[in-house]
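As structure tokens, the structure follows; a few thoughts come after it.
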Number of protein chains: 2
Amino acid sequence: MAARPGPAPRGRAARGSARAALIAAAHTTVRRQGYAATSVDDICAAAGVTKGAFFHHFASKEALAVAAAEAWTERARPMFEMLPHTKLKDPLDRLLGHIDFRFSMLHGPVDGFICFIGTMVQDAYATSEPIRLACEASIAAYCDALAPDIEAAIDAYGAPPGVTAPDLARHVQSVLQGGFVLAKTTNDPAIARESVAHLRRYILMLFGRGETA
Amino acid sequence: MAARPGPAPRGRAARGSARAALIAAAHTTVRRQGYAATSVDDICAAAGVTKGAFFHHFASKEALAVAAAEAWTERARPMFEMLPHTKLKDPLDRLLGHIDFRFSMLHGPVDGFICFIGTMVQDAYATSEPIRLACEASIAAYCDALAPDIEAAIDAYGAPPGVTAPDLARHVQSVLQGGFVLAKTTNDPAIARESVAHLRRYILMLFGRGETA
DNA sequence: GACACCATACCAACTGGTCGGTATGTTGAT
DNA sequence: ATCAACATACCGACCAGTTGGTATGGTGTC
């Protein structure tokens with residue numbers, strides 16, 4: 001107790017880190033158990049903080065959920081800005097690069113790649129409008145980030161009538177979310193990879209690069 | 001299975017109906033709130049039955065969940081046996097008929113068309129292996145029911161290499177589940193209809209009936 | 001540069017209420 | 001009379017949220 005080591009005491013978490021630790025703990029815990037099945041105590045234990053700290057930073061469990069949804073959006077941002085495929089010249093190559101990147105994430109334990117937003121909105125959309133809205137905003141942000149490349153690909157290569165950029169962006173998100181659900185069901189990511197492979201083939205066909213029967 | 005001879009008492013729910021009422025209540029309540037957020041009392045209230053009756057018929061909440069998953073599978077069976085499109089001669093027409101039928105269901109309140117299985121497995125797959133397995137069996141039954149028509153369509157029209165019937169059946173299921181998640185997120189089925197429309201176009205292209213850019 | 005002052009960050013213990021599940025009583029059909 | 005099919009009353013565990021308090025770091029004053 002008397003020992004007062006330098007800047008980072010090893011015994012417990014640094015002061016000021018509780019809020020971030022709680023959000024990170026919410027991400028991992030809710031992804032594993034769902035929102036309703038995750039108690040505030042669970043999150044506190046995972047974050048290594050007490051309940052007092054929790055309610056110092058967040059007015060309610062719901063408020064944490066909203067903050068965690070916003071943090072998740074920020075966490076996903078580098079996927080569109082820092083990855084190598086985002087530097088490709090051809091917009092369709094950028095889109096396919098994104099799909100391939102999402103595909104490459106679908107390995108290992110299911111908890112490691114499933115979407116916090118999709119998991120949470122499933123059992124909170126009917127009980128908490130603030131959470132639902134936060135999740136809607138996060139999904140919309142993802143689609144908005146994906147849409148410009150799709151738009152450019154449509155401009156460059158054309159697309160069948162009725163296919164628009166926002167529309168296709170939402171479909172990409174839909175296939176991913178569906179893959180997560182099935183991966184949870186079978187406890188195996190292979191089924192999600194299959195589905196993303198179908199999505200990739202669809203996009204290739206849409207833009208005239210694919211092969212038909 | 002068959003109704004007892006003689007009239008049922010008029011005043012309150014017929015004796016012997018509690019089990020079916022509880023399963024039906026589980027379907028509606030879990031679809032709206034998720035599994036973890038649904039209490040045994042909620043289900044009992046929705047079924048118009050007391051807790052004593054609940055635990056007379058089911059050993060636990062988990063046991064009801066498993067029974068409800070099996071009942072859901074049975075409930076979906078007529079979709080493959082009794083609908084008009086199942087009588088079509090062309091297997092691809094039967095498949096498209098099924099897709100169109102699923103599309104036509106995507107109207108009105110979200111609670112009305114989302115999948116009990118997909119909702120429940122989301123927040124129970126990590127905490128209850130029996131529930132996960134029951135949901136896996138239900139999804140597998142759906143895919144098994146869909147696969148023969150796809151197989152026949154592949155035989156009749158051919159398909160790109162790597163596309164198999166079980167594979168594509170799972171993709172159909174995946175797109176549906178993903179559409180449900182996004183419909184919950186936006187509280188609007190339109191987004192799910194869009195996604196199923198993309199799925200339909202993909203299938204048309206796969207089998208050479210589609211148009212590319 | 002030392003110290004009073006104070007807002008923030010955090011903690012342990014607790015509360016009223018709800019949870020899944022149980023123990024036991026009552027009813028109705030055979 | 002018997003037993004399945006319910007209902008009533010209750011239990012310990014756990015839930016989200018509250019309370020009263022302590023530790024920490026920044027700031028103004030001299």
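A note on names: the letters A, B, ... follow the listed sequences, proteins ahead of strands, and every chain is numbered from 1. Because the structure is predicted, anything quoted here is derived from the model rather than measured.
Applying the ring pair (Phe, Tyr, Trp, His ring centres under 6.0 Å) test to A:Phe55 and every residue at least two apart in sequence or in another chain returns nothing. Taking the salt bridge (Lys or Arg N to Asp or Glu O under 4.0 Å) definition, one finds that A:Arg170 meets it with B:Glu194, sequence neighbours left out. By the side-chain contact (heavy atoms from CB on, under 4.5 Å) test, A:Thr164 is found to be paired with A:Pro166, A:Asp167, residues two or more places apart in sequence or in another chain being considered.
Comparing C:dC10, D:dC6, C:dG20 against the side chain of B:Ala53 picks out D:dC6 as the nearest. Listed candidates were C:dG20, C:dC10, D:dG17. Nearest to the side chain of A:Lys51 is D:dG17. Relative to the side chain of B:Thr50, the nucleotides D:dA16, D:dT8, C:dG20 differ in distance, and D:dT8 lies closest. Ranking C:dC10, C:dG20, D:dA7 by closeness to the A:His56 side chain, first place goes to C:dC10.
In this structure, CG of A:Asp41 is placed 15 Å from P of C:dC14, rounded to the nearest angstrom. A:Phe58 places its CZ atom 11 Å from the P atom of C:dC10, with the value rounded to the nearest Å.
Phosphate contact (OP1/OP2 of D:dA5, side-chain N/O of B:His57, threshold under 4.0 Å): absent.
For residues 77-88 of chain A, the set of pairs meeting the side chain to side chain donor-acceptor pair (under 3.5 Å) definition, not counting sequence neighbours, comprises A:Glu74-A:Arg77.
Sorted by residue number, the members of residues 60-70 of chain B with any non-hydrogen atom under 4.0 Å from DNA chain C read B:Ser60, B:Lys61.
At the heavy-atom level, A:Ser39 lies under 4.0 Å from the strands shown only through sugar-phosphate atoms.
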Could you give the side-chain donor-acceptor pairs of residues 116-127 of chain B under 3.5 Å, partners two or more places apart or in another chain?
{"residue": "B:Thr119", "atom": "OG1", "partner": "B:Cys115", "partner atom": "O", "Å": "2.9"}
{"residue": "B:Thr119", "atom": "OG1", "partner": "B:Lys184", "partner atom": "NZ", "Å": "3.0"}
{"residue": "B:Gln122", "atom": "OE1", "partner": "A:Lys184", "partner atom": "NZ", "Å": "2.5"}
{"residue": "B:Gln122", "atom": "NE2", "partner": "A:Gly118", "partner atom": "O", "Å": "3.4"}
{"residue": "B:Asp123", "atom": "OD2", "partner": "B:Tyr35", "partner atom": "N", "Å": "3.4"}
{"residue": "B:Asp123", "atom": "OD2", "partner": "B:Ala36", "partner atom": "N", "Å": "3.1"}
{"residue": "B:Tyr125", "atom": "OH", "partner": "A:Asp111", "partner atom": "OD1", "Å": "2.4"}
{"residue": "B:Thr127", "atom": "OG1", "partner": "B:Ala124", "partner atom": "O", "Å": "3.4"}

